[in-house]
Amino acid sequence: VTVIENGCLDARHLVLGSDFVCGMNSILLMDACLLKKPVISYQPNLQISDPLPANLNGWSCAVRERATLESALEAELFDQKSKIFRQGLLKHMRISGGAAARIVKLLENLSPPPSYPNC
């Protein structure tokens, strides 16, 4: 196991070269899921509902207690059943696309701004 903590490296390149990603709630974890990498989202003592969509959809594994972090890491790294299950979820992940078109449609449906004299 190699842990890389150099802030000078491009994080997405590190994800592409990794077999597994572990972190807290960040866009990089979502990127890792979209890049089809196994992910553990460590949320120690999270007191609110989980904000990470990847955890809610099962694309990543949410761990909320320090006591269960080690077993979750071992499962993701060494348990073949966990690997196969998570890879299956990632393989069937659907990304709808078309976000820009939906935003344009939303903007077109907004009320026109008020007109100001001399503008």
Side-chain angles (χ1 to χ4, degrees):
V1 175
T2 302
V3 178
I4 300 173
E5 297 183 35
N6 185 341
C8 297
L9 299 173
D10 183 317
R12 286 180 187 86
H13 288 147
L14 291 174
V15 168
L16 284 170
S18 298
D19 296 319
F20 167 75
V21 178
C22 180
M24 295 183 94
N25 187 18
S26 72
I27 199 67
L28 185 61
L29 293 183
M30 193 65 201
D31 288 347
C33 289
L34 293 172
L35 292 168
K36 312 288 190 203
K37 298 295 180 173
V39 170
I40 284 184
S41 172
Y42 181 47
Q43 305 289 325
N45 302 315
L46 184 66
Q47 300 297 315
I48 61 172
S49 61
D50 195 333
L52 194 65
N55 290 343
L56 300 174
N57 289 300
W59 303 332
S60 57
C61 174
V63 176
R64 293 183 179 84
E65 298 175 11
R66 172 64 181 98
T68 59
L69 180 59
E70 186 175 339
S71 62
L73 290 169
E74 286 178 359
E76 284 294 328
L77 291 170
F78 305 115
D79 183 353
Q80 197 61 27
K81 287 182 185 177
S82 289
K83 283 183 179 182
I84 291 170
F85 175 74
R86 187 91 46 226
Q87 287 170 350
L89 289 174
L90 293 172
K91 181 179 178 182
H92 294 97
M93 183 187 328
R94 298 280 183 243
I95 302 169
S96 64
R102 289 193 304 272
I103 291 171
V104 168
K105 187 172 185 146
L106 177 68
L107 292 173
E108 289 173 343
N109 291 329
L110 290 176
S111 299
S115 57
Y116 296 100
N118 303 324
C119 288

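Quick note: numbers below take in every heavy atom, side chains included, and nothing from hydrogens, waters or symmetry partners. Everything numeric in this text was worked out from a predicted model, so none of it was measured.
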Ile27 with Leu56, same ILVMFWY side-chain cluster at under 4.5 Å
no
Apply the test side chain to side chain contact (heavy atoms under 4.5 Å, CB included) to residues Arg64 and Tyr42: give CA-CA distance (whole Å), side-chain angles for both, the deciding distance (0.1 Å), then the verdict.
CA-CA 6 Å; Arg64 293 183 179 84; Tyr42 181 47; over 6 Å; no
So, Lys37 side chain and Asp19 main chain: donor-acceptor pair closer than 3.5 Å or not?
no
About how many Å separate CG of Leu69 and CD1 of Ile40, when rounded to the nearest 0.5 Å?
6.5 Å
Counting distance only, does the side-chain N/O of Gln47 pair as donor-acceptor with the main-chain N or O of Asn45 below 3.5 Å?
yes
Could you check Cys22 against Leu73 for side chain to side chain contact (heavy atoms under 4.5 Å, CB included), going step by step and ending with a plain yes or no?
CA-CA 8 Å; Cys22 180; Leu73 290 169; 4.0 Å; yes
When every non-hydrogen atom of Met24 is compared with those of Gln43, the smallest separation belongs to C-NE2, 3.5 Å
Which pair of heavy atoms, one from Val21 and one from Ala32, lies closest together, and at what distance?
CG2-CB, 3.9 Å
What heavy-atom pair brings Val39 and Cys33 nearest, and what distance separates the two atoms?
CG2-SG, 3.9 Å
Hey, is the main chain of Asn55 close enough, under 3.5 Å, to the side chain of Ser60 for a donor-acceptor pair?
yes
Checking one residue: Leu46. Which other hydrophobic residues are in its cluster under the side-chain 4.5 Å linking rule?
Ile48
Residues in side chain to side chain contact (heavy atoms under 4.5 Å, CB included) contact with Glu65, at least two apart in sequence or another chain:
Thr68
Could you check if a side-chain atom of Arg66 sits within less than 4.5 angstrom of a side-chain atom of Pro44, using non-hydrogen atoms only?
no
Please report the interatomic distance CZ(Arg12) to CG(Asp31), rounded to the nearest 0.5 Å.
4.0 Å
